[in-house]
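Heads up, the thing below is written out as structure tokens.
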Amino acid sequence: MSLNDPSIRVERTGFDEVLGFTIPDRHARGRMVRMGPVLETVLSAHDYPPAIKHLLAEALVLTALMGALLKEEGSQLTLQAQAQGGPVDLLVCDYLDGAVRGYVSHDRELVKAAGTSPRLESLFGEGYLAITFDLASSGERYQGIVPLEGASLTRSCETYFAQSEQVPTLLRVAVRSEGTHCVAGGMLVQHFPEGEEGGERLHAKDDHPEWEHVAVMAGSTRHDELVDADLPLEDLLIHLFHEEREVRVEPLAGLSRGCRCTVEYYQSVLARFPEEQRAEMRDADGTIPVDCAFCSKIIPVRI
Ligand SMILES: [Zn+2]
């Protein structure tokens, strides 16, 4: 079936949903996601060149996978890459209660010069990736910063888990785009030996036999399986871990494309500026135009 087939629009079930799973005997847990319409909506806000579209799609899948680890309502995950010397100087994505958004600030000409499938360094030059978990109820913030290097953004996120959280973590992301259609899928698997989740992780090691097995099985996932619209994620999961005694699957929150660029939000931001400055910002019609980079739209704010 071609992605350009119009009938696919109604048949595209199982998209933009996150699946949670646990493999109790191996003390492993994970998330799987396949994004379609939500991804296309985010990507369509700007006229991105193909390499940037691919990068942002990968980042959004990572954002959904890591964001879906948050259990409490109102908690947020932010993925932010900042760099200099390459075509991309800023990439920001976030996740809040299933709503994802993101954008990439880049230099078009430099992206062209970097070729069709540039490596991470060719896109970012030198930079770092910050991953931040903001927990709603406690107000706690966990942030880890890793260099933007290696084969992909996905690898940098794996480095984050290894260095900052010290949790053995495997991430796989695949992106397929044809014309304006884009499908992306991903999987995150983690090991918490002896139910250590949430406690001190003194024994988290990459060479734990339980984890080695899970990592080999999960690592055998093919890119085309992650983006195959005809292969439900649940079936893929069963196929990967069919040797396990038990794999528990739990549908988690559905994804949506969300932004917080409401007039009320910007009024509260602008209220912090002195009136003199606000007067300078005002247009002839008395409103202050605010540019939302995520949505690529100007919001006229009256204050
Ligand atoms: Zn917005």
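Counting convention: from 1, in listed order, for ligands and their atoms alike. Keep in mind that the numbers below use all heavy atoms, side chains included, and drop hydrogens, waters and symmetry copies. Counting from 1, the numbers follow the sequence of the chain as shown.
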- Are H54 and Y48 close enough that their ring centers fall under 6.0 Å?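 They do not qualify: ring centres at least 6.0 Å apart.
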- Can you list the residues that meet the salt bridge (Lys or Arg N to Asp or Glu O under 4.0 Å) rule with D285, with sequence neighbours excluded?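 Per chain and number, D285 pairs via salt bridge (Lys or Arg N to Asp or Glu O under 4.0 Å) with no residue.
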- Task: Among Q190, E158, H191, find the residue that satisfies the side-chain hydrogen bond (donor to acceptor under 3.5 Å, both in side chains) test when tested with T169.
- Result: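 That would be Q190; it is the only one of Q190, E158, H191 passing the side-chain hydrogen bond (donor to acceptor under 3.5 Å, both in side chains) with T169.
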- How would you list all residue pairs meeting salt bridge (charged side-chain N to carboxylate O under 4.0 Å, His left out) that involve residues 116-136, not counting sequence neighbours?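 Only R119-E121, D134-R141 qualify under salt bridge (charged side-chain N to carboxylate O under 4.0 Å, His left out).
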- Message: Tell me whether R278 is salt-bridged to E276, with the criterion being a basic N under 4.0 Å from an acidic carboxylate O.
- Response: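 Looking at E276 together with R278, the answer is no, because their closest N to O distance does not fall below 4.0 Å.
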- Task: Sort by chain and number the protein N/O/S atoms that are closer than 2.8 Å to the Zn ion (ligand 1), and list them.
- Result: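 Listed by chain and number, the atoms are C259 SG, C261 SG, C292 SG, C295 SG.
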- Query: Who are the ring pair (Phe, Tyr, Trp, His ring centres under 6.0 Å) partners of F294, not counting sequence neighbours?
  - Reply: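 Y103.
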